[in-house]
Number of protein chains: 2
Amino acid sequence: MSLTPRPINVTFAYQQVAEEIESQILRGELKPGDQLPGETELAQLFGVTRSTVREGLRHLESDGLVHRPSPRRLEVTVPQADQLTTRAGRAMALMKVTFRELWEVTMVTEPLAARIAAERASADEIEMLQGLHSDLVGAEGQMARTIELDEAFHTRIGEMGRNRVLGLAREPISLLLFRGFAQIAPYATQFYKRQIEAHSNIIAAMRDRDCDRAEKWARMHIEDFWRGAQIAGLEDAVALNPRALS
Amino acid sequence: MSLTPRPINVTFAYQQVAEEIESQILRGELKPGDQLPGETELAQLFGVTRSTVREGLRHLESDGLVHRPSPRRLEVTVPQADQLTTRAGRAMALMKVTFRELWEVTMVTEPLAARIAAERASADEIEMLQGLHSDLVGAEGQMARTIELDEAFHTRIGEMGRNRVLGLAREPISLLLFRGFAQIAPYATQFYKRQIEAHSNIIAAMRDRDCDRAEKWARMHIEDFWRGAQIAGLEDAVALNPRALS
DNA sequence: GAATGTCATATTGTCCGACACTAAGGGGTA
DNA sequence: TACCCCTTAGTGTCGGACAATATGACATTC
């Protein structure tokens, strides 16, 4: 006879506190913006000590489900995108993902981002993107600034399609991938120029609301990046931790 | 004159504890698997109380950077995929993303997953996938089980391409999207049959190592899903919280 | 009346000390 | 060696304490 291996897990008090509050948030009984009672009150509500409540709150805080605008206010909130980005990026860095893995996914996300951005971006947004691009052109030679602006360029496109799911999915990936720029540039002299050209073409396509063209140029842009990575011999190199730069 | 709005942030002791340990992990000084000192020792190391250390540890624990195999062991670990999935899924549910957003991204991730799976999966893995599919066929009529198996089918394909970045990116999305199955099936009678057919064709293409065909069928599969969603009027409906089912 | 300044209060961040429970390792026995 | 018992250290939880300070109420000034 086989005993079903159900991993029994003792749930400690602080976990139960966190789970209970989390559950109420997910069930919609607590809505983002709602303010929670003080720690002392929560403690007697749950029948535990304040220390225990605090540990549970740290958990929720780190999950991004609650946050403190000021030390005295504790309110429910929806997890912030940048928090998720940080976490996912950290995880990918720690699991030592390769540039190949990052690139394969980027090959489909960036073209999609460009396509829906071309379809939905406002004229103002396109102009802002043009501004960003101009800054990038002006920053030639300054590696750190170039990377920063390149990232910003792609992030903006990712936001312009008004698809939050895509935004969430592509951000940590592109952040890690485009950091590779620094390692590629020295090897491929034409590289920089072609990146600039691709950016220009993407913006032009967006101005014309030509989704197909925007998508195509984005794809070529990322393909180009890969060629650079190959020249630099980075295909199966481990992507750097974004944190390492800041 | 404009005052630069520098958001002053006091960092509390428990945050500093967490940040210090986190930083050492990210810098590689602490490697996954390493065991950390006890709370009491950490407390005197950092010059704070045990309570303070504990709050910091809860933070790291929730981040998935450390975990306790048993209450007595505290070791460094790389964030687990399912943890990230849960978090991202929760976030998307709370920000009330629509099926359209989920679908748009899925339209590029699943074809990619099928393509690289067809290229890299072992014969055994393809057989296991076939097994999963057979179970799915056998589960006709049982909605909950059908959804569960459908999710598993897609997850497996996502893993078979051996691209962890894709795995991380697509999992929370597909989880949320395929839950919509339950809402679609009642409206579209042909729907179920066509999903089954698509799955079969994907497996067949994988057997032939025909990447293009696998990709094509995956795309058609997801397009089909969208047609179903349109019939059910779900395009801009908010995706359900996965938690709501469990 | 609006803006500014003062003050009392409640709540947080941190500390200390304590205790029950149990996982882990040590030593003894078969 | 393999098994069992026992000691011990470390965790989870508790209760209480205190300084610092955000907050809202109130008083003052223009």
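Residue numbers start from 1 in every chain, and the chains themselves are labelled A, B, ... in the order their sequence lines are given, proteins ahead of strands.
B:E20 places no side-chain N or O within donor-acceptor distance of the main-chain N or O of B:V17, the cut-off being under 3.5 Å. Remark: side-chain polar atoms of A:R164 are paired, donor with acceptor, to backbone N or O of B:K96 under 3.5 angstrom. At least one donor-acceptor pair under 3.5 Å links the side chain of A:N163 to the backbone N or O of A:V165.
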*In the 5'-to-3' direction, what one-character label does each nucleotide of nucleotides 16-23 of chain D receive under the scheme B = base within less than 4.0 Å of a protein heavy atom, S = sugar-phosphate only, - = no such atom?*
-B---BBS

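Distances shown here put every side-chain N or O of A:T40 at or beyond 4.0 Å from the OP1 or OP2 atom of C:dA10. Residue B:R68 places none of its side-chain N or O atoms closer than 4.0 Å to OP1 or OP2 of C:dT22.
Atom NE2 in A:H59 sits roughly 15 Å away from atom C1' in D:dG12 (whole-Å rounding). In this structure, the CZ atom of A:F46 is 17 Å from the C1' atom of D:dC14, given to the nearest Å. In this structure, A:Q15 atom CD and D:dT11 atom P are separated by 15 Å, rounded to whole Å. D:dG10 atom P lies 17 Å from atom CZ of A:F12, rounded to whole Å. D:dT11 atom C1' lies 13 Å from atom CG of B:L42, rounded to whole Å. The CD-P distance, from A:E75 to C:dT12, rounds to 14 Å in whole Å. Per the geometry, CD belonging to A:E39 stands 8 Å off C1' belonging to C:dG13, to the nearest Å. With rounding to whole Å, A:L36 atom CG is found 20 Å from C:dA10 atom P.
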*Residue pair B:E171, B:T155: steps toward the side-chain hydrogen bond (donor to acceptor under 3.5 Å, both in side chains) verdict*: CA-CA 7 Å; B:E171 188 64 8; B:T155 298; 3.1 Å; yes

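A residue-by-residue look at A:Y14 and B:E41 shows that B:E41 has its nearest nucleotide of DNA chain D further toward the 5' end.
Few gaps surround CE on A:M143; more than 12 heavy atoms of other groups in view lie less than 6.0 Å from it.
Using a 4.0 Å heavy-atom criterion, one finds that B:R54 contacts the bases of the nucleic acid, with or without backbone contacts as well.
Classification of A:E22 and B:R90 as a salt-bridged pair holds, one side-chain N sitting under 4.0 Å from a carboxylate O. Ion pairing of B:E61 with B:R58 is present here, as a side-chain N (NZ or NE/NH1/NH2) and a carboxylate O approach within less than 4.0 Å.
The side chain of A:E55 approaches D:dT13 more closely than any other nucleotide in the set D:dT11, C:dC15, D:dT13.
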